[in-house]
Amino acid sequence: MLTLPNDHPPRGAALHTQLTDSGAARIVRHIAEALPPIADRLAEGLLTGDPAKIVGDNESGDAQKALDVGAHEHMLRALSGCNIRHVLSEEAEAVVTLDPEGEFDVAMDPIDGSGSIGICALLGMLFVVYPAGDGSFRRPGTEAVAAGYACFGHSVDFAWSLGDGVHIATLDRRAGDFRVTAENIRLKAATSMIAVNASNERHWAPGLRAYASDMRAGKDGPLGKNYNMRWLAAAVGDLHRIMLKGGAFLYPQDGRKGYEQGRLRLAYEAIPIAFMVEQAGGRATDGRRRILELVPQEPHGFCPLIFGSVEEVQCIEAYIATHG
């Protein structure tokens, strides 16, 4: 392996020493331990097969790729024996019952950003943990007891929260464990970094179009500052960058067919993201309402999502309230 002049032996507490083997912490720990095999398969790319091969369609009509389904099945195996009653996954139309007597429910997106499978782009996964319920997942994120995400990039990073702030660990392959690299992440209240797919602006409501126009005007416009725009086409990637560097993210609803309610799933994308963002001192809304107070009306339902630094999210909400 290449070594750099300022390199040193790996630092940071081993993740397994930070998470107990009981309750929600056990679930978080087992999810982390299931990540290296996914990362290893991603690293092989096309050498042993095509992870982007279309193998079906999910409940929302999106094409399922081999890695989507493989990661879903892999995570179900990893969660077996973790005292989990129900699992809602993007890659299964029906809710899966693991243990009828389990004390927790989990909603997850096994592979986030799967449109980029096979091109060496960043991918991720998302999850949220609840006390066991009736299996409908018609419950607000305020009932969640834990959440987290993973990023598969040049490093494998894992972030989690048990309601005690956001902590991040990086996979140490030599030790076969994650090492904690950041604790109690806090988002700055203000930012000039925006993650948005600007190509869809013409489909947005007037308030968001007005915000986008004023944002591009920079320091000479009403907002009085210059912005940079970033868009990774994987919500987890943008979330991770915002956690580490600050910023705000927009994926609003728009006028296109199928996008009237946004395109991110409330139960297993927006809610775990919002849980993490709020734990880091940020804000997450659909433009008008707090994400964690929304209740999915169906397991795979969509919602708009705006999250990140408090002041910028509130600024966007003000544009929506003023212009519609």
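The structure presented is a predicted model; accordingly, all values stated were derived computationally and were not measured.
- For Arg283 and Glu317, the salt-bridge test passes: some basic side-chain N is under 4.0 Å from an acidic carboxylate O.
- Arg216 has a carboxylate O that lies under 4.0 Å from a charged side-chain N of Glu201, or vice versa, which qualifies the two as a salt bridge.
- Cation-pi contact between Arg265 and Tyr268: absent, since separation from the ring centre below 6.0 Å together with deviation from the ring axis within 45° is not met.
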Test side chain to side chain contact (heavy atoms under 4.5 Å, CB included) applied to Trp231 and Leu250, step by step | CA-CA 10 Å; Trp231 181 250; Leu250 291 84; over 6 Å; no
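- Judged as a side chain to side chain donor-acceptor pair (under 3.5 Å), and not counting sequence neighbours, Gln261 has no contacts.
- With hydrogens and angles disregarded, a donor-acceptor distance shorter than 3.5 Å links the side chain of Asp112 to the backbone of Val236.
- Side-chain contact check for Asn184 versus Val166: every heavy-atom pair is 4.5 Å or farther apart.
- Only one option out of Asp286, Asp254, Ile291 pairs with Pro304 in a side-chain contact (heavy atoms from CB on, under 4.5 Å); it is Asp286.
- Salt bridge status for Arg289 with Glu293: absent, with no side-chain N to carboxylate O gap under 4.0 Å.
- Aromatic pair His16/Phe178: ring centres not closer than 6.0 Å.
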Take Leu239 and Phe249 through the side chain to side chain contact (heavy atoms under 4.5 Å, CB included) test and state the conclusion after the steps.
-> CA-CA 8 Å; Leu239 169 63; Phe249 172 100; over 6 Å; no
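- Dense packing is recorded around NZ of Lys225, with more than 12 heavy atoms of other residues, nucleotides or ligands lying under 6.0 Å away.
- In summary, the aromatic rings of Tyr149 and His240 are positioned with their centroids under 6.0 Å apart.
- Ion pair Asp99/Arg85 not flagged as a salt bridge, since none of the NZ, NE, NH1 or NH2 atoms sits closer than 4.0 Å to an Asp/Glu carboxylate oxygen.
- Look at Arg173 and Asp40 and you find a salt bridge, because one of the NZ, NE, NH1 or NH2 atoms lies within 4.0 Å of a carboxylate O, short of that distance.
- Residues Ala34 and His74 come closest through the heavy atom pair O-NE2, 2.8 Å.
- Atom CZ of Arg256 sits in a crowded spot, with more than 12 heavy atoms from other residues, nucleotides or ligands closer than 6.0 Å.
- Taking 4.5 Å as the limit, some side-chain heavy atom of Pro110 sits within range of a side-chain heavy atom of Ser89.
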What donor-acceptor contacts under 3.5 angstrom involve side-chain atoms of residues 4-15, with partners at least two apart or in another chain?
unit_1 : atom_1 : unit_2 : atom_2 : d
Asp7   : OD2    : Leu4   : N      : 2.7
His8   : ND1    : Arg11  : NE     : 3.3

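- Using the six-membered ring where Trp is involved, Tyr251 and Tyr259 have ring planes that are parallel, under 30° apart on the 30 and 60° scheme.
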Any chance you could lay out the side chain to side chain contact (heavy atoms under 4.5 Å, CB included) test for Leu162 and Val28, step after step, and finish with the verdict?
-> CA-CA 9 Å; Leu162 292 164; Val28 173; 4.1 Å; yes
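- Summarising the local packing, CD of Gln297 is surrounded by more than 12 heavy atoms from other residues, nucleotides or ligands at distances under 6.0 Å.
- Looking at Asp105 and His86, their side chains do bring a donor and an acceptor atom within 3.5 Å of each other.
- Here the shortest heavy-atom pairing between Arg209 and Arg202 reads NH1-O, 4.3 Å.
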